[in-house]
K.L.:
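Just passing along the structure, written as structure tokens.
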Amino acid sequence: MIKALRGTYDILPPETTLWQKVEQKTRELFASYGYGEIRTPIFERTELFTRSIGEATDIVEKEMYTFQDRKGRSCSLRPEETACVVRACLEHKLLNQQGKIHKFFYIGPMFRYDRPQAGRQRQFNQVGVELFGSYSPFADAEVITMMVRFFELLGLKNVSVNVNSLGDKESVENYKDELKKFIQPKLGDLCPDCNRRFEKNILRLLDCKVPSCKEVFNSPEMPVITNSLSNVSREHYETVLSALKDVNVNFVEEPGLVRGLDYYTETIFEITHNSIGAQDALGGGGRYNNLVKEIGGPATGAVGFAIGVERLILVLKQLDIQAEDCKDIIYLVSFDEEAIRENLVFADELRKKGLTAITGYQKLSVKAQMRQANNIGAKFVVMRGENERAQEFVKVKNMESGEEKVVAVKDLAQNFV
RNA sequence: GUGAUUGUAGCUCAGUUGGUUAGAGCGCCUGGUUGUGGCCCAGGAGGCCGGGGGUUCAAAUCCCCUCAUUCACCCCA
């Protein structure tokens, strides 16, 4: 038997209705903030990702689905969407008018060659937004607010909002130097992973879970990133926080919060939920003021986030949040061959009135058909055998009350409206 | 990439120290009602025991390999 590849999976009805709900709320809410939907290709030149996400990141180093096309170009399935959106903006010259704001949201599959586990698969879906053309801290605050409101709209309470600031390029570099000086003599006390991080991406030390490492980092002399911020970055960050308070978004400042992509600057944030296992980040994002320029565009302030839809669905299921109920089902029983033919027409009439009508296609016993009607949760059953046909009637049974009544054929659709 | 875990019916799982024809519950189908569902009763269908190799008179059971699942690490949504 051929099965879906590792880390990929099918979404079947009725679960798809929950996905449809998420998609519908996405379009609704993001549009109300003035965002328009963008759709970009699912694969791009590999270079786009290596340059934006960072050569040394895990995503680029070991998680990309990379292949050569027939002309020998290196292509990669997109592991995230921000770089793709930036590319599209540059290609369509959208960012050349200074001061013009562009807001996009997207929804679609991303690909990372990871080992699957709870809340992580190789093909997964993200919904996200990107805002271009502003350096304002209020843009950051609005984007974070939008993310929180999105979860609330889906009935999700108790999400944790963590925020931090990396500051501008100089602030981060200063902090990294300080951190190196502090950690260097203590490397012997740290776990092997932390020793590796020290070389590769020292900021990642901050969210190590090993207790002995945490002890080192909890020392009073441990440098804190928000203390290394330049005046401009500090002011930016504080404005973001105060604006969040203005709109009553609860958050926690988390100086240990780090993101895995190289392009972030200034504000970064993450939303987690404690009910879905180790991979508890529902979404995350931040500002990326240098990325557009690095990819060859004009210097452009930008901020955005991405949400993992699979993880979101996990939480929704856990909280037993359902999609809206579907419409009443009308099942048309076929007593004989003639009825199968008639029901095609009757069902057509019902559906033209916006009703949901289901018929059988082969001659089964009435008992079997009733059982099927019951199994699919039909609210009404329409029956028409010899007796009814003789008088241009149908019999309608209400499956909840068991009550039956006779209805003239011409009034059939009207009966359900 | 690392560690652990589990693969037996559509689903959830039993299956003794290797020993006849591999079981249960739920679900499904049929009948009990010449044209009536749910509840109940009776019957039935459905398994190369993940795949391959080995040990043995004999393997779902023991050994090796492989694929897959789940969870965690790394990392991230």
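Naming: A, B, ... by sequence-line order, numbering from 1 per chain. Computed from a predicted structure; not experimentally measured.
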K.L.:
If you check the A:Gln121 side chain, which of B:G37, B:A77, B:A72 turns out closest?
P.N.:
B:A77
K.L.:
Do we count A:Phe335 as stacking onto B:G35 if the rule is ring centres under 5.5 Å and planes under 30°?
P.N.:
no
K.L.:
Calculate the interatomic distance between A:Tyr331 atom OH and B:G37 atom P; express it in whole Å.
P.N.:
14 Å
K.L.:
Under the 3.5 Å rule, do the base of B:C74 and the side chain of A:Lys62 count as making a donor-acceptor pair?
P.N.:
yes
K.L.:
B:C71 phosphate, OP1 or OP2: any side-chain N/O from A:Arg115 under 4.0 angstrom?
P.N.:
no
K.L.:
If I take atom NZ in residue A:Lys3 and atom P in nucleotide B:U70, what distance separates them, rounded to the nearest angstrom?
P.N.:
11 Å
K.L.:
Does A:Lys367 get its side chain close enough to the base of B:U36, under 3.5 Å, for a donor-acceptor pair?
P.N.:
no
K.L.:
Could you check whether the side chain of A:Glu388 and the base of B:G35 have a donor-acceptor pair of N or O atoms closer than 3.5 Å, going by distance alone?
P.N.:
yes
K.L.:
Of all the nucleotides listed (B:U36, B:C29, B:A77), which has the minimum atom distance to the side chain of A:Gln126?
P.N.:
B:A77
K.L.:
Side chain of A:Asp58, heavy atoms from C-beta onward: which of B:G37, B:C74, B:A77 has the nearest atom to it?
P.N.:
B:C74
K.L.:
Taking A:Pro109's backbone N and O only, do any of them form a donor-acceptor pair with A:Arg78's side chain (distance below 3.5 Å, no angle check)?
P.N.:
yes
K.L.:
Report yes if at least one side-chain N or O of A:Arg384 is closer than 4.0 Å to OP1 or OP2 of B:G35; otherwise report no.
P.N.:
no
K.L.:
Would you say A:Arg45 has more than 12 foreign heavy atoms packed within less than 6.0 Å of its CZ?
P.N.:
no
K.L.:
If we call it a pair only when both distances are under 3.5 Å in a Watson-Crick or G-U wobble match, what pairs with B:C28?
P.N.:
B:G44
K.L.:
Look at the side chain of A:Asn375 against the base of B:G37 and say whether a donor-acceptor pair falls under 3.5 Å; ignore hydrogens and angles.
P.N.:
no
K.L.:
I want to confirm an ordering. Mapping A:Glu310 and A:Asp193 to their closest nucleotides on RNA chain B, which one lands closer to the 5' end?
P.N.:
A:Asp193
K.L.:
Is any side-chain heavy atom of A:Ile307 closer than 4.5 Å to a side-chain heavy atom of A:Phe151?
P.N.:
yes
K.L.:
May I have the distance from A:Glu404 (atom CD) to B:G37 (atom P), rounded to whole angstrom?
P.N.:
10 Å
K.L.:
Whether the side chain of A:Asn162 engages the backbone of A:Phe269 through a donor-acceptor N/O pair (distance < 3.5 Å, no angle test) should be reported.
P.N.:
no
K.L.:
Is the base of B:A77 touched by the side chain of A:Arg112 through a donor-acceptor pair closer than 3.5 angstrom?
P.N.:
yes
K.L.:
May I ask you to verify if any side-chain N or O of A:Gln279 is less than 4.0 angstrom from the OP1 or OP2 atom of B:C73?
P.N.:
yes
K.L.:
Ring pair (Phe, Tyr, Trp, His ring centres under 6.0 Å), that's the test. Do A:Tyr35 and A:Phe105 meet it? Break it down for me.
P.N.:
CA-CA 6 Å; A:Tyr35 285 70; A:Phe105 77 86; 7.7 Å; no
K.L.:
By nearest atom, which of the nucleotides B:A77, B:U30, B:C75 is closest to the A:Leu364 side chain?
P.N.:
B:U30
